[in-house]
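Written out below as structure tokens is the structure these notes cover.
Everything numeric here is computed off the predicted structure, so don't read it as measured data. The figures here come from the full heavy-atom set of this structure, side chains too, leaving out hydrogens, waters and symmetry mates. Residue numbering restarts at 1 for every chain, and letters A, B, ... go by the order of the sequence lines.
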2 protein chains.
Amino acid sequence: MPTRPALSPERVVDAAVRVADRGGLALVSMRNVGRELGVEAMSLYHHVAGKDALLDALADRVFGEIGLPAPDRPWRPAMADRAASARVVLSAHPWALGLVESRRNPGPALLRHHDAVLGCLRRNGFTVAMAAHAYSVLDAYVYGFVLTEVNLPFEPGEGPDEFVEALNLPVDAYPHLAEMVAEHVRGRDYAYAHEFEYGLELILDGLAARAGT
Amino acid sequence: MPTRPALSPERVVDAAVRVADRGGLALVSMRNVGRELGVEAMSLYHHVAGKDALLDALADRVFGEIGLPAPDRPWRPAMADRAASARVVLSAHPWALGLVESRRNPGPALLRHHDAVLGCLRRNGFTVAMAAHAYSVLDAYVYGFVLTEVNLPFEPGEGPDEFVEALNLPVDAYPHLAEMVAEHVRGRDYAYAHEFEYGLELILDGLAARAGT
DNA sequence: ACCTGAACACCGTTCAAGT
DNA sequence: ACCTGAACACCGTTCAAGT
């Protein structure tokens with residue numbers, strides 16, 4: 001019979017990612033992750049210090065998936081690609097943002113990522129202060145966009161129309177919201193995704209003007 | 001003896017806010033909220049449908065604290081004030097962002113807020129499409145900034161220096177991160193808070209240019 | 001109408017015991 | 001060295017019972 005491969009911190013984190021992708025952060029319990037590995041919950045404690053350490057590792061695993069900027073590219077396409085990659089990865093694991101909010105210990109993948117982004121900006125003539133500005137505004141935008149995108153009240157598949165019906169917005173109470181829905185969303189195959197590029201370009205334009213590059 | 005005031009949905013949500021402010025979202029359990037009110041957990045079910053409904057109400061309560069734009073102000077200061085107010089409120093209740101990520105049912109306070117912001121933009125000459133762009137980029141920025149701010153690895157009081165010591169960043173592995181810390185953070189009474197205004201002004205400039213107002 | 005106690009199926013973690 | 005069973009103090013929720 002196929003003897004079960006030995007447990008390891010990596011295999012435990014892998015299993016936790018699978019559980020989270022399947023049912024969200026709430027289902028990531030020591031018991032569920034153990035079951036995913038065909039093992040009792042208590043066995044996991046030989047490989048991770050506890051649930052908190054497992055969640056730290058989970059967060060760092062996701063950041064490791066985000067593409068690093070190539071060291072020799074101009075900053076603007078490099079930052080645009082990084083933002084797009086971060087959005088794809090964080091949207092694919094919607095539970096990851098919930099982790100960002102509560103994890104205080106930056107892991108090696110996150111530190112590596114920060115270093116690569118700063119390096120790209122510095123090599124392209126950004127001062128240290130300007131690189132700090134750029135990183136702050138870009139990161140905030142990407143995180144925040146994914147946060148609202150993940151939280152959209154309608155599923156990506158169904159489109160907003162069904163949702164609008166269900167919400168049954170009282171027009172007199174929320175006239176401007178109703179206008180927005182009627183003119184900009186309903187029946188227009190409104191893709192919230194397009195907003196991402198608009199805001200990103202706006203920010204990159206602003207950074208280019210201020211950095212003088 | 002002072003007879004206990006009758007329970008009500010409002011009092012239950014109030015108690016949940018107190019529990020969350022004290023110990024974070026993880027401590028908001030039906031049992032803990034009940035204890036806060038001097039009542040058994042099961043009593044709460046007569047006033048809220050369940051824990052999920054309680055969390056929805058908790059999220060909407062926080063949004064209700066964010067200041068609405070005055071109806072007759074120019075859009076730019078109104079948006080700047082709204083962003084600042086949202087940042088203050090969300091930072092004061094750091095657990096609220098964790099709720100945004102998981103709540104799909106917009107409550108009345110959130111709808112009212114959205115409507116007021118859109119109204120301000122429309123009255124100031126923004127087209128419907130441009131108002132959608134503006135709302136998207138501003139909201140993403142504010143949410144994302146608070147998310148990273150709340151998650152800063154050092155406490156607001158202690159400043160970053162102690163943290164930098166504790167992290168003991170390996171300079172050879174993360175040269176650019178080390179440079180940023182050495183030149184821009186350490187001993188310079190670096191206030192991450194200042195980054196908020198920088199990014200916000202950058203975005204408002206971009207919107208003004210694009211909206212032509 | 002409102003509150004409760006017991007119960008059920010969960011949770012993280014400790015610890016002594018097994019192999 | 002690695003895995004486990006029982007135990008402890010929790011969790012959301014149901015339900016029959018009390019007032």
Ring centers of A:Y141, A:F196 separated by less than 6.0 Å
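Ring-ring flag for A:Y141/A:F196: true, centres closer than 6.0 Å.
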Which residues pass the side-chain hydrogen bond (donor to acceptor under 3.5 Å, both in side chains) test with A:E40, sequence neighbours left out?
none
Contacts of A:E65 meeting side-chain hydrogen bond (donor to acceptor under 3.5 Å, both in side chains) (sequence neighbours excluded), chain-then-number -> A:H93
A:H47 vs D:dC3: side-chain N/O to OP1/OP2 distance below 4.0 Å
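Affirmative; the distance criterion is met.
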Does C:dT4 have its OP1 or OP2 closer than 4.0 Å to a side-chain nitrogen or oxygen of B:S43?
yes
Judged by atom type as modelled, is there a donor-acceptor pair below 3.5 Å linking the side chain of B:R122 to the main-chain atoms of B:F126?
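Present.
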Taking the side chain from A:R123 and the backbone from A:P71, do they hold a donor-acceptor pair closer than 3.5 Å?
yes
Check residues 109-121 of chain B and write down every donor-acceptor pair under 3.5 Å in which the side-chain atom is one partner and the other belongs to a residue at least two apart or another chain.
residue: B:H113; atom: NE2; partner: B:R82; partner atom: NH1; Å: 2.7
residue: B:D115; atom: OD1; partner: A:H176; partner atom: N; Å: 2.8
residue: B:D115; atom: OD1; partner: A:L177; partner atom: N; Å: 2.7

Once hydrogens and angles are ignored, does a donor-acceptor distance under 3.5 Å link the base of D:dC3 to the side chain of A:H46?
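Yes, a donor-acceptor pair under 3.5 Å.
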If you apply the rule side-chain contact (heavy atoms from CB on, under 4.5 Å), what do you find for B:L37 with B:L44, and how did you get there?
CA-CA 10 Å; B:L37 291 163; B:L44 306 179; 4.0 Å; yes
With pairs taken as Watson-Crick or G-U wobble and both distances under 3.5 angstrom, which stems of at least three consecutive pairs involve DNA chain D?
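Stems for DNA chain D, defined as runs of 3 or more consecutive pairs: C:4-8 with D:12-16, C:12-16 with D:4-8.
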Scoring nucleotides 5-14 of chain D by protein non-hydrogen atoms under 4.0 Å (B base, S sugar-phosphate only, - none) yields BBB---BBBB
Would you say that A:W95 contacts A:L27 through its side chain, given a criterion of any heavy-atom pair below 4.5 Å between the two side chains?
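Sidechains of A:L27 and A:W95: no contact.
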Check whether any side-chain heavy atom of B:M79 sits under 4.5 Å from a side-chain heavy atom of B:L200, and report yes or no.
no
Should A:E36 and A:R22 be marked as a salt bridge (charged side-chain N to carboxylate O under 4.0 Å, His left out) after you check the CA-CA gap, both sets of side-chain angles, and the distance that decides it?
CA-CA 11 Å; A:E36 175 79 17; A:R22 203 186 304 136; 2.6 Å; yes
Between protein and nucleic acid, restricted to nucleotides 16-19 of chain D and to nitrogen or oxygen atoms under 3.5 Å apart, what atom pairs and distances do you find?
none

